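Have a look at the structure below, then the notes.
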Number of protein chains: 2
Amino acid sequence: MSTTHTNTRTKILQAMLDLLFSEPPAKTRMSDVSTEAGVSRQAVYLHFKNRADLLIAATHFLDEKLDTDARLAASRTAQSGQDRLQAFVTAWGNYIPEIHRIAKVLISMSETDEAAASAWETRMQDMREGCAAAIDALNADGTLSPDFNTEDATDLLWTMLSVHNWEHSTGACGWSQEKYLTMLALTTQKLFYADPVKAP
Amino acid sequence: MSTTHTNTRTKILQAMLDLLFSEPPAKTRMSDVSTEAGVSRQAVYLHFKNRADLLIAATHFLDEKLDTDARLAASRTAQSGQDRLQAFVTAWGNYIPEIHRIAKVLISMSETDEAAASAWETRMQDMREGCAAAIDALNADGTLSPDFNTEDATDLLWTMLSVHNWEHSTGACGWSQEKYLTMLALTTQKLFYADPVKAP
DNA sequence: TTGTCAACTTTACACAATGTAAAGTACGTG
DNA sequence: CACGTACTTTACATTGTGTAAAGTTGACAA
């Protein structure tokens, strides 16, 4: 009964993630997913309205597995505004590679599917909250650069931390994940700190 | 003969651009383009191998109309490295909104089409050349921040000037084109100048 | 034991968009 | 007038999404 129902649904979601994160990247057509899950293609439509619906569900499914909220919340415990900004930047920067593949498909699907667009938009707004909190903490400490007000600084940080920028940095620029994080730390300091730290 | 041939080809390319840049955004299926051009759908396939081929041709067609090379070359005449960087950033920043729509489709198509990916990749590499030239000019003046070597600074500037970042800034952040340019000028100064200028 | 229900399978089809194929038309030029 | 080029028209193959409906299976209840 309900257990079986849930199992099949989970099997499909897991199959979607397996395909999305497989190396080399695999196609994720409805038939690919159903085959991977060991069910019929039609069974997928019993659980998910359409491809966008399945993808959005897979996104939430991955969130649970990664315990997304907890990871990002950790940055809120930092003492100083500067520590908090760096903790947030590092947490998010390390989170991106884990969601990158599914984010890419969701973004791509957003061009044609309203629900997918809305799902991604929500995530981005949540993410902006995190940026705002970090910038506000900096501002509260009086360590935010006078060159920016909090709104502009938030938007700028938000832009810098985009999935596309991670992709460009680690892809086109050929930076390692470590280098990406180092550069992110350096640039956020130079941009947002009232008194930027010099690189060693 | 050849004149007619060229005219039809041009009509198709112009139709593609008209649709791409129309407000509100229109679909650009092969049939939409042919209808807009006033020719049969099959006529399009007489001139272009496939959709990707048409789109790449439309990109070059737009380049000619915008006199792309000349516009970006202008930044090379600046005297100081700082002026040169700002001239380049402004030129490119003003160029993006004019190519944005077609760039977006080309990027999207790059996911599935090898030729489209290659065409976009070439453009991006050309663009990186411009970034490198600007950073090199700064470095030659001794005004490049010691926090970066020229390679890293080039990659960072390259990332900052991406089409995606323009899109995010003017879209999600809701910045005007003027504000986008202002913030770009400010951030590039703060990041790359050995002795950053303070904002007014 | 039989009946019923839900979950799943199987088969079939509609639809949209790309791309191929080939016969037909029309017009300018030798 | 004959010919070739450019274009049109019609038709069809292909791929992937999504809908529809009949058939199967197995657990559970009366």
Side-chain angles (χ1 to χ4, degrees), chain A residues 1-16 19-20 22 25-59 102 104-117 119, chain B residues 1-16 19-20 22 25-59 102 104-117 119:
Chain A
M1 47 168 298
S2 184
T3 308
T4 314
H5 187 278
T6 301
N7 281 346
T8 299
R9 189 187 147 93
T10 304
K11 256 165 43 182
I12 293 169
L13 289 171
Q14 188 59 53
M16 176 56 116
L19 289 178
L20 276 171
S22 67
K27 298 237 176 198
T28 53
R29 294 165 300 192
M30 297 303 261
S31 55
D32 297 318
V33 176
S34 65
T35 303
E36 179 75 15
V39 299
S40 69
R41 189 172 70 92
Q42 296 318 301
V44 180
Y45 285 101
L46 287 176
H47 293 274
F48 307 97
K49 223 180 69 204
N50 50 38
R51 204 175 123 77
D53 194 36
L54 166 57
L55 212 86
I56 293 167
T59 305
I102 199 166
K104 222 183 150 179
V105 180
L106 201 56
I107 292 170
S108 165
M109 186 166 277
S110 295
E111 283 163 35
T112 55
D113 187 277
E114 191 46 56
Chain B
M1 49 167 297
S2 185
T3 309
T4 314
H5 187 277
T6 302
N7 281 347
T8 298
R9 188 188 148 93
T10 305
K11 257 164 42 183
I12 294 169
L13 290 172
Q14 187 60 53
M16 176 57 116
L19 289 178
L20 276 172
S22 67
K27 299 238 175 196
T28 52
R29 296 165 299 193
M30 296 304 260
S31 55
D32 297 318
V33 177
S34 65
T35 302
E36 179 76 15
V39 299
S40 69
R41 189 172 68 92
Q42 296 319 299
V44 180
Y45 285 102
L46 252 37
H47 292 275
F48 306 97
K49 224 180 68 202
N50 50 39
R51 203 175 125 78
D53 193 36
L54 166 58
L55 211 86
I56 293 167
T59 305
I102 199 165
K104 221 182 151 179
V105 180
L106 200 56
I107 292 169
S108 164
M109 185 166 278
S110 294
E111 282 163 34
T112 55
D113 187 278
E114 191 46 56

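What you see below is based on every heavy atom in this structure, not just the backbone, and it leaves out hydrogens, waters and symmetry mates. Numbered from 1 within each chain, the chains take letters A, B, ... in sequence-line order. Note that the structure is predicted; figures quoted are calculated from it, not measured.
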Can you build the contact string for nucleotides 10-17 of chain C? Use B for base contact, S for sugar-phosphate-only contact, and - for no protein heavy atom under 4.0 Å.
BB-----S
Send over the distance from N7(B) CG to dC27(C) P, rounded to a whole Å.
17 Å
Kindly say if H47(B) contacts the phosphate of dC7(D), meaning a side-chain N or O under 4.0 Å from OP1 or OP2.
yes
Rounded to whole Å, the NZ-P distance (K11(B) to dA6(D)) equals 14 Å
What pair of heavy atoms forms the shortest contact from S34(A) to S40(A), and how long is it?
CB-O, 3.5 Å
Heavy-atom nearest pair, S110(B) first then A117(B), reads OG-CA, 3.3 Å
Does V33(B) reach the side chain of R51(B), with side-chain heavy atoms less than 4.5 Å apart?
no
Report the distance from atom CZ of F48(A) to atom P of dT17(D), rounded to the nearest whole Å.
15 Å
Do the non-hydrogen side-chain atoms of D32(B) and E36(B) ever get within less than 4.5 Å of each other?
no
Which of these, L19(B), I12(B), L13(B), L20(B), sits in a side chain to side chain contact (heavy atoms under 4.5 Å, CB included) with M16(B)?
L20(B)
Rounding to an integer number of Å, can you tell me how far L46(A) CG sits from dA22(D) C1'?
14 Å
May I have the distance from Y45(A) (atom OH) to dG16(D) (atom P), rounded to whole angstrom?
12 Å
What is the distance, to the nearest angstrom, from the CG atom on L55(A) to the P atom on dT17(D)?
12 Å
Less than 4.5 Å apart, side chain to side chain, heavy atoms only: is that true for Y45(B) and M30(B)?
yes
